[in-house]
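These notes concern the structure reproduced below.
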Amino acid sequence: MTTLTYLGHSAFLLDDGSTTVMIDPFLTGNPVATASADAFSPGAILLTHAHNDHIGDTVEIAKRAGSQVIATFEIAEWLGSQGVEKATGGNTGGTVPFKGGSVKFFPAFHTSSYSFEGQRVAIGLPTGLVVRFGGKTIYFAGDTALFSDMKLIGDEGLDAAVLPIGDYFTMGPSDALRAVTFLSPGIVVPCHYNTFPPIRQDAQAFKEQVEAQTSAKCPPLNVGETLDLG
Ligand code: NI
Ligand code: MN
């Protein structure tokens with residue numbers, strides 16, 4: 001059994017029963033998070049881009065737990081400079097293996113920088129991640145606008161697609177609904193909404209539209225809840 005737990009905003013935990021993987025582990029300072037970073041010791045941490053609401057607690061978790069961190073090249077290089085020993089840099093089009101699975105980098109339409117010690121450091125590219133883990137294929141879109149090449153990502157054969165619906169910084173619900181038609185996943189999981197006032201959205205309305213207009217299921221997933229991917 002492989003499970004996906006929503007940790008709030010764009011932070012997720014995958015668990016295949018023998019190892020765990022975190023995606024964009026933003027917990028400290030996340031207004032909707034119900035767990036703290038020190039509760040997790042993942043084998044791997046995967047990052048979509050450098051924004052602080054995605055790198056989050058990566059350095060603290062990876063240094064304590066010895067996690068492998070996989071991100072685009074420049075982000076991995078910067079994490080290495082912060083003392084993360086197993087920082088692995090890939091790039092768009094490439095697939096990077098980790099214990100229990102792999103991650104393939106796809107483009108995303110967004111920006112990628114990191115605010116650190118009063119400076120804004122421009123590091124890396126924004127990406128979407130196709131993660132193969134526990135026999136499942138899951139697309140984490142990261143922060144992105146809608147783009148028609150999502151059809152190519154759909155060709156990867158997606159059991160699940162994790163899509164931002166917050167609008168303002170990313171796709172909103174109507175563009176995310178169009179993304180579902182490009183991606184054809186079995187399950188849709190909305191994220192990147194209701195964390196801050198500008199990205200407030202009605203996830204129940206999105207769910208109803210997805211299930212009425214596509215063949216995908218959109219199970220409600222509150223912060224802290226776990227979904228069985230089968
Ligand atoms: Ni972002
Ligand atoms: Mn974000």
Side-chain angles (χ1 to χ4, degrees), residues 4-14 21-35 37 45-61 69-79 82 89-92 103 105-131 138-147 149-150 153 160-176 179 183 188-203 206 221-223:
L4 178 71
T5 300
Y6 186 37
L7 302 176
H9 198 55
S10 286
F12 287 87
L13 180 79
L14 283 167
V21 178
M22 293 184 92
I23 295 92
D24 289 351
F26 168 51
L27 297 168
T28 303
N30 178 344
V32 298
T34 57
I45 298 171
L46 316 178
L47 299 176
T48 60
H49 64 296
H51 282 153
N52 295 58
D53 60 321
H54 296 259
I55 286 185
D57 296 294
T58 295
V59 172
E60 185 276 312
I61 295 169
V69 184
I70 306 176
T72 48
F73 182 82
E74 288 80 5
I75 297 173
E77 191 175 59
W78 182 83
L79 291 167
Q82 300 305 304
N91 220 320
T92 42
V103 55
F105 291 94
F106 281 89
F109 285 82
H110 190 63
T111 59
S112 182
S113 64
Y114 189 69
S115 174
F116 180 67
E117 295 179 349
Q119 302 278 320
R120 182 154 293 277
V121 188
I123 41 177
L125 279 173
T127 60
L129 309 175
V130 171
V131 178
I138 307 118
Y139 171 52
F140 294 88
D143 287 358
T144 188
L146 176 68
F147 54 97
D149 279 356
M150 283 180 175
I153 301 172
V162 178
L163 304 176
I165 65 162
D167 212 336
Y168 204 95
F169 302 111
T170 68
M171 302 190 281
S174 58
D175 280 357
L183 294 162
V188 175
V189 176
C191 70
H192 213 274
Y193 68 95
N194 288 359
T195 322
F196 311 108
I199 59 172
R200 208 156 284 290
Q201 295 295 341
D202 182 347
F206 176 71
L221 197 57
N222 295 312
V223 176

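Each ligand, and each atom within it, is numbered from 1 in the order the structure gives.
The CG atom of Asp53 sits 8.0 Å away from the CG atom of Asp24 when rounded to the nearest 0.5 Å. Atom-to-atom distance recorded for Leu129:CG and Ile70:CD1 is 9.5 Å, nearest 0.5 angstrom.
Neighbouring protein atoms of the Ni ion (ligand 1) (N, O or S, distance under 2.8 Å, waters ignored): His49 NE2, His51 ND1, His110 NE2, Asp143 OD2. If you look at the Mn ion (ligand 2), the protein N, O or S atoms less than 2.8 Å from it are Asp53 OD2, His54 NE2, Asp143 OD2, His192 NE2.
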Please list, one pair per line, the donor and acceptor atoms closer than 3.5 Å that link side chains of residues 161-172 to other protein atoms, with sequence neighbours excluded.
none

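By the 30° and 60° cut-offs, the orientation of the rings of Phe196 relative to His9 is perpendicular. Ring planes of His49 and His51: perpendicular class, angle over 60° (limits at 30 and 60°).
The salt bridge (Lys or Arg N to Asp or Glu O under 4.0 Å) search around Glu60 returns Arg64, not counting sequence neighbours.
For the side chain to side chain donor-acceptor pair (under 3.5 Å) criterion with His110, the lone passing option out of Asp143, Thr127, Thr48 is Asp143.
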Would Ile153 and Phe147 count as a side chain to side chain contact (heavy atoms under 4.5 Å, CB included) if you check the C-alpha gap in whole Å, the side-chain angles of each, and the deciding distance to 0.1 Å? CA-CA 11 Å; Ile153 301 172; Phe147 54 97; 4.1 Å; yes
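Nearest heavy-atom pair across Phe140 and Ile138 is CE1-CG2, 3.6 Å.
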